[in-house]
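Chain identifiers are assigned alphabetically (A, B, ...) following the order of the sequence lines, protein sequences preceding nucleic acid strands; residue numbering begins at 1 within each chain. Every heavy atom of this structure was used, including side-chain atoms; hydrogens, water molecules and symmetry mates were not. In this text the structure is predicted, and so the values were computed from the model without any measurement.
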Protein chains: 2
Amino acid sequence: MHTHEHQFDLEKKIAEFETRCRQKGLRITPQRVAVYKALVGTDTHPTAEEVHKMVRQDIHSISLDTVNRTLLTLAEIGAAFQVEGTGQPRRYDGGLENHQHFRCISCGQIVDFHYDPYENLHNPGQVLENCTILRKTVYLEGLCGECSDTPA
Amino acid sequence: MHTHEHQFDLEKKIAEFETRCRQKGLRITPQRVAVYKALVGTDTHPTAEEVHKMVRQDIHSISLDTVNRTLLTLAEIGAAFQVEGTGQPRRYDGGLENHQHFRCISCGQIVDFHYDPYENLHNPGQVLENCTILRKTVYLEGLCGECSDTPA
DNA sequence: TTACTAAATAGTATCTACTCCTATTTATGA
DNA sequence: TCATAAATAGGAGTAGATACTATTTAGTAA
Ligand SMILES: [Mn+2]
Ligand SMILES: [Mn+2]
Ligand SMILES: [Zn+2]
Ligand SMILES: [Zn+2]
């Protein structure tokens, strides 16, 4: 894929994001857009502090608190989500296409992957009868390539 | 199951735990045993502070730091584990039989369940070729019975 | 354009859940 | 019984998240 197509994708996503904000009655601020842009532009599952660092290149005065608040807001409106199972600090993901995560227990890196059988898992029956299931997550842990090669 | 059978189970588990400690070269201290006992005796997935509260009934002077350290140790030697996806504070689980977790996003409670298809998921193929997969987790989120009835 | 108002932000203070430090105690093996 | 390394208690320190408040600003309507 060429750069100008990437560019187009990004602009499309931002346009959709702004529409979503309007629908939810949220104002479109430069800070909000910049945080969103930083998050969708990476696949590293950054922390709030990492996002802060990125966004500061554009908006020099943005505060860490705003980044934290904004990331929570993105998760609330479904424009992003927190990555499961990483403890502190929280890591965020702006990739909304269906995928799963592998986390290296040695270096902590999170690898995206997609494995079809992990989508559309059946709901368990009786056991959780009264519960409304909103999300099913599969995640894997282990040693990444580099860390397998370099046993501690 | 009757009380004396429960009792027997617990004593058996503690004996196994002590054996495991010896194998790992860990000393068997009253604090360690008490923390383990408290954890295996509940299905509430308690926090360190909750465990601390429980254990204090037996060992009045035990410190929160010791509880935290001990819970980490239990996880390290495989006598317990941290519950995935709950953020802070961490929640611990002493139930080692295969099971999965449902977490209510409203009240935060964690419900144990077991659904056979969630065991023995296949490993994804090429995508994670270089990685050593040590653990596969399925976890569900949604609204528990009580919280479904009481929409905010 | 201008003016208004509620929402959002920056900067800082506070809080929570650990994690580290050190003197003291204790489990274990000789 | 004794020696010694491991573990603990209690408190200090830390990271990350959250709350607070004065100021700024996006959105709307005159
Ligand atoms: Mn991802
Ligand atoms: Mn459990
Ligand atoms: Zn690694
Ligand atoms: Zn609930």
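For D:dA9, one of the phosphate oxygens OP1 or OP2 lies less than 4.0 angstrom from a side-chain nitrogen or oxygen of B:Ser63.
Expressed to the nearest 0.5 Å, how far CZ of A:Arg91 lies from CZ of A:Arg103 amounts to 9.0 Å.
With contacts defined as side-chain heavy-atom distances shorter than 4.5 Å, the pair A:His45/A:His101 qualifies.
Between B:His60 atom NE2 and D:dG10 atom P there is a gap of 10 Å when expressed in whole angstrom units. Protein atom CG of B:Leu64 is 8 Å distant from nucleotide atom P of C:dC18, rounded to whole Å. In this structure, CD of B:Glu76 is placed 11 Å from P of C:dT19, rounded to the nearest angstrom. One atom, CG of B:Leu72, and another, P of D:dT8, lie 12 Å apart when rounded to the nearest Å. Look at CG on B:Asn68: it is 19 Å from P on D:dG13, rounded to the nearest Å. Atom pair B:Tyr92:OH and C:dA17:C1' shows a separation of 11 Å (rounding to whole Å applied). Rounded to an integer number of Å, the gap from CD1 of B:Ile77 to P of D:dA7 is 11 Å. The CG-P distance, from B:Leu71 to C:dA17, rounds to 14 Å in whole Å.
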Legend entry - Candidate pair B:Glu50 and B:Tyr92, rule side-chain contact (heavy atoms from CB on, under 4.5 Å), full reasoning: CA-CA 10 Å; B:Glu50 286 162 352; B:Tyr92 288 89; over 6 Å; no
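The aromatic rings of B:His99 and B:Phe81 are tilted relative to each other, their planes meeting at an angle between 30° and 60°.
Nucleic acid contact class of B:Ile59 (heavy atoms, under 4.0 Å, all strands): none.
For B:Arg90 (side chain) and B:Gln82 (main-chain N/O), no donor-acceptor pair under 3.5 Å exists by modelled atom type. Between the side chain of B:Glu119 and the backbone N or O of B:Asp116, no donor-acceptor pair lies under 3.5 Å.
The side chain of A:Gln88 lies closest to D:dA17, out of C:dT19, D:dT18, D:dA17. Minimum atom distance to the side chain of A:Arg90 is reached by D:dA17, of the listed D:dA17, C:dA10, C:dT19.
Nearest heavy atom pair, residue B:Cys104 against residue B:Leu143, reads SG-CA, 4.0 Å.
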Legend entry - Protein proximity profile, nucleotides 19-30 of chain D - base contact B, sugar-phosphate-only contact S, no contact -, cut-off 4.0 Å on heavy atoms: BB----BBS---
